[in-house]
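Just so you know, these numbers come straight off a predicted model, no measurement behind them. In what follows, chains are A, B, ... by sequence order, proteins preceding strands, each numbered from 1.
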Number of protein chains: 2
Amino acid sequence: MDDYDPHGFPPFAVTVDMVVFTIRRSRLQIVLIRRGAAPFEGAWALPGGFVRVDEDLEDAARRELAEETGITTAPSFLTQLRTYGSPDRDPRMRVVSVAWWAIMPISTHPVAGSDAASTELIDVDDVTAGRIELAFDHRLIVSDALEALGDRLETTTLATSFWTEEFRISDLRRIYETVWGVELEPGNFQRKVRRVPGWLQPTGRRAPTTEGGRPAELFRAEPGLRPLTPPLRRRPGPDPR
Amino acid sequence: MDDYDPHGFPPFAVTVDMVVFTIRRSRLQIVLIRRGAAPFEGAWALPGGFVRVDEDLEDAARRELAEETGITTAPSFLTQLRTYGSPDRDPRMRVVSVAWWAIMPISTHPVAGSDAASTELIDVDDVTAGRIELAFDHRLIVSDALEALGDRLETTTLATSFWTEEFRISDLRRIYETVWGVELEPGNFQRKVRRVPGWLQPTGRRAPTTEGGRPAELFRAEPGLRPLTPPLRRRPGPDPR
DNA sequence: ACAAAAGTGTTGTACTTACACCCATGA
DNA sequence: TCATGGGTGTAAGTACAACACTTTTGT
């Protein structure tokens, strides 16, 4: 930084973009908004916007999420993804965007239909498969965020951040299946997550049986985030043909 | 981004900072420069500087590394770390810095003493332990980069990027030991890395024996980067007391 | 012969997948 | 009774750490 020049620095705009994951009807979804102005007017886009000059980047992410979507509950998890700054990513000017990803607890998904009329929850599959067009490089950002989420599920207790209330082990399993796009053995999954000391706290209650079958035990998640030892491996074990 | 305002956006400076790892005399080191101007004049700092207005972020990182350190060989690995943008991280103005980390091959470490007189290779330990003071939040950036490096060694074949030429398996083991700060069983390590198909390519040659002992086989690394299956786990296996 | 590093063998334990099987409920 | 999902048992295979042991060089 020897060539530092406080008065002649190039003019950059700095924005934040947010990928907010939630689960609805066993489907992994993200929060999107409809753009009201050019470019990409009418297209779907991630919530986000300008960072203020005295504002921390993470604060900006939280603020823009609340302002643009009407979501008032704080995400149960929020972390930086990476920064996207290709010179041509915005047709009008040079924009560097710091992307974040987050998890919204499931109990708070009256999101769609909130006061922000243009806010919707969209299936991640529809985005990654290209059935939904996103503005700017937002489709790439969503792919990267999905990758990061999948990685964190392997090594940390993050998955339970999708609930503030009770859940069944099969609910937890469906998170993993949805994010990883695989099917997991119910029995083996059960044992693995139960073995993690302290993660799943028994409530003593049982779920009402909905489609037949033995009622499931209900658990509450340990608060906070911890590394999983051993990790829940994504790849189906060793398979060196 | 509905409140997009091309003419009134807040004035941000965007910089890049680089953490460039290399190994010298079995010690993990990073490239640092001496600052020639205020603030932090005379202090150590990471190479880095302003992103140009039409320049890709990664290109800026490579350019600043070359300009500030005189290092002409391209790093064998370069990836984004994260972005640091606390409002008070630079006392003069609002700066958002996109941090990167990289690996320099060992054979190219005539770096210290190159034409950039202020460039030095410094032990990472001296930085993380606070024996060397760094400008701005650069000590935090180094810690985060070290963490990221350790993680990648677990799951990818990245470690061999430290060499362009031949190396011994014990050289490779010392990388892991240095970055993770642990001692590894030579025999077990040997088997694990040999088991990865394609990673270590035999050259048929043997190292001259330096301190006695059977001469080691010399290997060359497979080009590119691959996931390690199974990963080389950092934690000493399962140990649930 | 001895020291030292390279590399292999072996054993007991942990973890995994696959799949059989039992449990507890509603219809 | 049957269907269904919840949950446990079990066996074969993989990976692991620990450590003994053999190999191959220099002195």
Side-chain angles (χ1 to χ4, degrees), chain A residues 25-26 153-155 166-177 180 182-197 199-219 227-241, chain B residues 26 153-155 166-177 180 182-197 199-220 227-241:
Chain A
R25 292 190 285 275
S26 292
L153 293 191
E154 287 195 68
T155 54
E166 303 151 323
F167 54 88
R168 299 171 299 179
I169 287 183
S170 59
D171 295 326
L172 185 60
R173 172 166 50 84
R174 261 178 278 275
I175 298 274
Y176 278 87
E177 291 177 335
W180 288 351
V182 298
E183 297 224 323
L184 301 173
E185 275 292 326
N188 293 337
F189 183 84
Q190 179 112 203
R191 251 180 311 237
K192 283 195 216 178
V193 298
R194 277 177 187 272
R195 196 162 47 207
V196 180
W199 187 17
L200 305 185
Q201 303 179 342
T203 61
R205 303 187 354 106
R206 289 189 163 271
T209 164
T210 54
E211 314 160 76
R214 174 176 169 178
E217 264 190 83
L218 287 173
F219 294 87
L228 277 180
T229 51
L232 281 164
R233 305 247 340 258
R234 202 169 188 163
R235 289 171 267 280
D239 178 26
R241 272 153 295 280
Chain B
S26 292
L153 294 191
E154 286 195 68
T155 55
E166 304 151 322
F167 55 88
R168 298 170 300 178
I169 288 182
S170 60
D171 295 326
L172 185 60
R173 174 166 48 85
R174 261 178 278 277
I175 297 275
Y176 278 87
E177 292 178 333
W180 288 352
V182 297
E183 296 224 322
L184 300 173
E185 273 294 324
N188 293 335
F189 184 83
Q190 180 113 200
R191 251 180 310 235
K192 283 196 220 178
V193 298
R194 277 177 186 272
R195 195 162 48 205
V196 180
W199 187 16
L200 305 186
Q201 303 179 343
T203 60
R205 307 189 347 108
R206 291 191 162 267
T209 163
T210 54
E211 315 161 73
R214 173 175 170 179
E217 265 191 82
L218 287 173
F219 294 88
R220 204 176 292 275
L228 277 180
T229 51
L232 281 164
R233 304 246 343 256
R234 202 170 190 164
R235 287 171 268 281
D239 179 26
R241 271 152 294 283

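Taking only side-chain nitrogens and oxygens, B:Arg195 comes nearer than 4.0 Å to OP1 or OP2 of D:dC16. Between A:Arg233 and C:dT17 there is no side-chain polar atom (N or O) within less than 4.0 angstrom of OP1 or OP2.
Side-chain contact between B:Phe219 and B:Arg194 is present, with heavy atoms from C-beta onward closer than 4.5 Å. Counting heavy atoms from C-beta outward, B:Ser26 and B:Glu177 have side chains that stay 4.5 Å or more apart.
Note on B:Glu211: only backbone sugar-phosphate atoms sit closer than 4.0 angstrom, heavy atoms only; bases stay farther off. At the heavy-atom level, B:Arg194 lies under 4.0 Å from the strands shown only through sugar-phosphate atoms. Among the heavy atoms of the strands lying under 4.0 Å from A:Ser170 are primed sugar atoms or P, OP1, OP2 only; no base atom is included. Residue B:Pro231 is in sugar-phosphate contact alone, with no base atom involved, counting any heavy-atom pair closer than 4.0 Å across all strands shown.
Regarding B:Glu177, its CD atom lies at a distance of 13 Å from the C1' atom of C:dA5, rounded to whole Å. Between the CD atom of B:Gln190 and the C1' atom of D:dT23 there is a distance of 12 Å, given to the nearest Å. Regarding B:Phe189, its CZ atom lies at a distance of 12 Å from the P atom of C:dA6, rounded to whole Å. Here C:dT16 presents its C1' atom at 19 Å from CZ of A:Arg234, a figure rounded to the nearest Å. For the pair B:Arg168 CZ and D:dT25 C1', the computed distance is 13 Å after rounding to whole Å. Protein atom CD of B:Glu154 is 17 Å distant from nucleotide atom P of D:dA15, rounded to whole Å. Between B:Leu218 atom CG and C:dA5 atom P the separation is 17 Å, expressed in whole Å. Atom CD of B:Glu185 and atom P of C:dT8 are 15 Å apart (whole Å).
Residue A:Arg191 holds its CZ atom at 9.5 Å from CD of A:Glu185, rounded to the nearest 0.5 Å.
Nearest approach of A:Tyr176 to A:Leu184, heavy atoms of both residues: CB-CD1, 3.7 Å. Looking at every heavy atom in both residues, A:Leu218 comes nearest to A:Thr203 through O-OG1, 2.8 Å. For the pair A:Glu154 and A:Trp180, the tightest heavy-atom approach, listed with the atom from each and the gap, is CG-CZ2, 3.4 Å.
Counting only heavy atoms from C-beta on, B:Arg206 has its side chain closest to C:dG7 among C:dG7, C:dC15, C:dT17. Of the candidate nucleotides D:dG7, C:dG26, C:dA6, C:dG26 has the atom nearest to the side chain of A:Thr209. Ranking D:dT8, C:dG9, C:dT16 by closeness to the A:Lys192 side chain, first place goes to C:dT16. If you check C:dC19, C:dT16, D:dG6 against the side chain of A:Asn188, the one that comes closest is C:dC19. Of the candidate nucleotides D:dT25, C:dA24, D:dT10, C:dA24 has the atom nearest to the side chain of A:Pro215. Listed nucleotides C:dT17, C:dG7, D:dG7 differ in distance to A:Ala216; the shortest reach to its side chain belongs to D:dG7. Counting only heavy atoms from C-beta on, A:Arg191 has its side chain closest to D:dT10 among C:dC23, D:dT10, D:dT24.
Nearer the 5' end of DNA chain D, as judged by each residue's closest nucleotide, is the contact made by A:Arg214, out of A:Pro186 and A:Arg214.
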